[in-house]
Amino acid sequence: KRRLQELRAKDLSMAKALMESALSSYRSGKIGFAELILARKTLTDLKAQDIQVRNLIISSHLKCLTQCNVAANETENELQ
């Protein structure tokens with residue numbers, strides 16, 4: 001969860017600012033298309049990493065819930 005918070009608080013906001021700056025610089029002719037694409041790739045990679053981290057968190061929660069459900073069913077069966 002700490003990495004997810006870091007991604008959202010710092011990395012993604014910085015990548016978005018980089019993308020906006022790169023787009024502005026590209027429009028004014030200060031940088032080339034390759035630099036613009038690199039900024040976009042950086043943002044896209046960080047968004048993908050955000051999704052992967054959230055997926056890991058959800059998978060972990062699901063695994064825990066599944067184990068809790070199995071344990072509850074076993075306890076219920078023992079009581080019957």
Residues clustered with L56, ILVMFWY side-chain links under 4.5 angstrom: none
Connected hydrophobic set around I51, excluding itself, where side chains approach under 4.5 Å: none
Selection residues 56-66 - residue pairs positive for salt bridge (charged side-chain N to carboxylate O under 4.0 Å, His left out), sequence neighbours left out: none
E20 CD to L43 CG distance, which is reported to the nearest 0.5 Å: 9.5 Å
Euclidean distance, L7 CG relative to R54 CZ, rounded to 0.5 Å: 9.5 Å
I57 with L12, same ILVMFWY side-chain cluster at under 4.5 Å: yes
Non-hydrogen atoms of L46 and D11 that approach each other most closely: CD1-O, 3.6 Å
Under the side chain to side chain donor-acceptor pair (under 3.5 Å) test, residues paired with E6 that sit two or more places apart: R3
Partner set under side chain to side chain donor-acceptor pair (under 3.5 Å) for K30, not counting sequence neighbours: none
Quick one: side chains of residues 21-28, donor-acceptor pairs under 3.5 Å with protein atoms, not counting sequence neighbours, listed by atom name and distance.
from: S25; atom 1: OG; to: S21; atom 2: O; distance (Å): 3.1
from: S28; atom 1: OG; to: S24; atom 2: O; distance (Å): 3.3
from: S28; atom 1: OG; to: S25; atom 2: O; distance (Å): 3.1

List the atom pairs, donor and acceptor, that lie under 3.5 Å between side-chain atoms in residues 31-42 and the rest of the protein, sequence neighbours left out.
from: E35; atom 1: OE1; to: G32; atom 2: N; distance (Å): 3.0
from: K41; atom 1: NZ; to: D45; atom 2: OD2; distance (Å): 2.6
from: T42; atom 1: OG1; to: L38; atom 2: O; distance (Å): 2.9

